[in-house]
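Numbering starts at 1 and runs along the sequence shown. In listed order, ligands and their atoms are each counted from 1. All heavy atoms count here, side chains included; hydrogens, waters and symmetry mates do not. Everything numeric in this text was worked out from a predicted model, so none of it was measured.
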Amino acid sequence: MKPALEAKGLGKRYGATWALRDCSLCLPAGSVIALVGPNGAGKTTLLHLVTGLLRPTQGTVEVFGQDARGGSAEALAHVGFVAQEHPLYQGFSVADLLRMGRSLNLHWDRALAERRLAELDIPLAKRAGALSGGQQAQVALALALAKRPALLVLDEPLANLDPIARRDFMRAVMAAVAEDQITVLLSSHVIADLEPVCDWLVLLNHGTVQLTGAIDDVLADHRMLTGPRTGAD
Ligand code: ATP
């Protein structure tokens, strides 16, 4: 099976600043991948390169073997994306957003989105701006999943959500994984938020990949280097 995502020497420069440098990754299909790093590490830049919102300064990026540089339609047909802070059109109702998505996407499964939102008691007639933060996150997720993506990309989906909304959001993501065997790539500042559900880790810092691998292996290696945890940790 082709990797969900393969990057070779991928880099992005803004003026004199390299936001991402010489990034090479091969991420397995069917996994839930945590992209972790502090502020300014380059997470959003990497996710925007994968989703075709940015063109790389150097290197290549492929999604399921398709060149994703510059937003190629073939590669992006397989990608669902929820941007950081999932900006919905606040003045539109949820039903309007579902209709707009349908008009933009050939493979849009509106019934699937409606079913997911009904399960969460989110009223379709309500204006997006009148929903709670957790409900808005769920609508953004349902819109991304209505495209029936093979790769779902979520940029810091848990930031600004309260603990219950975080739990519900991750439950919805994992339900979609169980139903459709999609690959998920999601970013966070905090590894602890994602460790329980992820099976692969990419650690970014200062625009470079510091660590990548199966999460159990990476964390076991890290603990071997840093020593066992003590009660004082
Ligand atoms: P955060 O967690 O704060 O969202 P991040 O890990 O997503 O950070 P990026 O947003 O990718 O990091 O930013 C990486 C670097 O690139 C930072 O130094 C940032 O200031 C810089 N950068 C990002 N976007 C631009 C831009 N449009 N123009 C100039 N510099 C930028």
Side-chain angles (χ1 to χ4, degrees), residues 4-27 31-63 67-72 75-76 79-88 90 133-134 136-141 143-144 149 151-163 165-166 169-170 173 183-213 215 218-219 222:
L5 193 155
E6 190 162 22
K8 288 187 187 151
L10 189 62
K12 178 70 191 174
R13 192 181 60 194
Y14 297 105
T17 307
W18 282 93
L20 193 74
R21 261 176 308 177
D22 198 22
C23 168
S24 293
L25 290 169
C26 185
L27 303 178
S31 42
V32 179
I33 303 147
L35 173 63
V36 178
N39 273 333
K43 302 182 296 298
T44 296
T45 300
L46 175 57
L47 297 183
H48 285 186
L49 290 166
V50 171
T51 52
L53 290 170
L54 281 176
R55 199 175 253 286
T57 308
Q58 58 183 211
T60 59
V61 56
E62 292 184 352
V63 173
D67 189 347
R69 284 174 298 180
S72 100
L76 294 188
V79 181
F81 181 47
V82 178
Q84 201 167 3
E85 290 159 24
H86 47 80
L88 298 174
Q90 304 277 308
Q136 290 193 34
Q138 293 283 3
V139 172
L141 177 64
L143 292 172
L151 174 65
L152 176 67
V153 178
L154 307 169
D155 194 358
E156 302 219 27
L158 304 179
N160 307 319
L161 295 184
D162 65 42
R166 283 168 172 236
F169 186 88
M170 286 314 296
V173 171
T183 305
V184 182
L185 172 60
L186 73 171
S187 66
S188 176
H189 288 173
V190 190
I191 193 168
D193 282 346
L194 304 181
E195 188 183 341
V197 293
C198 288
D199 36 38
W200 202 269
L201 176 71
V202 178
L203 186 63
L204 266 189
N205 203 4
H206 298 303
T208 59
V209 177
Q210 310 274 305
L211 278 173
T212 180
I215 199 157
V218 168
L219 294 180
H222 182 69

*Considering all protein heavy atoms, does one lie under 4.0 Å from atom 5 (P) of ligand 1?*
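Yes.
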*Contact bool for atom 19 (C) of ligand 1 (protein heavy atom, d < 4.0 Å)*: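 Answer no: nothing from the protein, no heavy atom, is under 4.0 Å.
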In ligand 1, which numbered atoms sit nearer than 4.0 Å to a non-hydrogen atom of [X]?
X	value
Pro38	6 (O)
Ala41	5 (P), 6 (O), 12 (O)
Glu156	1 (P), 2 (O), 4 (O)

*So is Ala19 polar-close to ligand 1, meaning N/O to N/O under 3.5 Å?*
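Among all N and O atoms of Ala19, none is under 3.5 Å from an N or O of ligand 1.
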*ligand 1 and Thr17, any nitrogen or oxygen pair closer than 3.5 angstrom?*
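The answer is no, given that Thr17 and ligand 1 share no N or O pair closer than 3.5 Å.
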*Identify the two heavy atoms, one from Pro149 and one from Val79, that lie closest to each other, and give their separation to 0.1 Å.*
CB-C, 3.8 Å
_Minimum heavy-atom separation for Ser187 and Glu156, please, with both atom names._
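That closest heavy-atom pairing would be OG-N, 2.7 Å.
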First locate atom [atom1] of [X], then atom [atom2] of [Y], and finally report the distance between them rounded to the nearest 0.5 Å.
X	Y	atom1	atom2	result
Lys8	Cys23	NZ	SG	13.0 Å
Asp193	Leu158	CG	CG	5.5 Å
Leu201	Leu27	CG	CG	10.5 Å
Leu20	Thr45	CG	OG1	6.5 Å
Lys12	Arg55	NZ	CZ	9.5 Å

Which heavy atom of the protein is the closest neighbour of [atom], given with residue, atom name and distance?
atom	value
atom 31 (C) of ligand 1	Tyr14 CD1, 3.3 Å
atom 12 (O) of ligand 1	Gly42 N, 3.1 Å
atom 11 (O) of ligand 1	Thr45 OG1, 2.6 Å
atom 3 (O) of ligand 1	Asn39 OD1, 2.8 Å
atom 10 (O) of ligand 1	Thr44 CB, 3.8 Å
atom 8 (O) of ligand 1	Gly40 N, 2.8 Å

*Looking only at atom types and distance, does a side-chain atom of Ser188 sit under 3.5 Å from a main-chain N or O of Val190, one as donor and one as acceptor?*
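Side chain of Ser188 to backbone of Val190: a pair is present.
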*Can Lys12 be said to touch ligand 1, with heavy atoms closer than 4.0 Å?*
no
*Passing candidate, side chain to side chain contact (heavy atoms under 4.5 Å, CB included) with Leu10, options Thr60, Leu46, Val50*: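 For Leu10, the side chain to side chain contact (heavy atoms under 4.5 Å, CB included) check succeeds only for Leu46.
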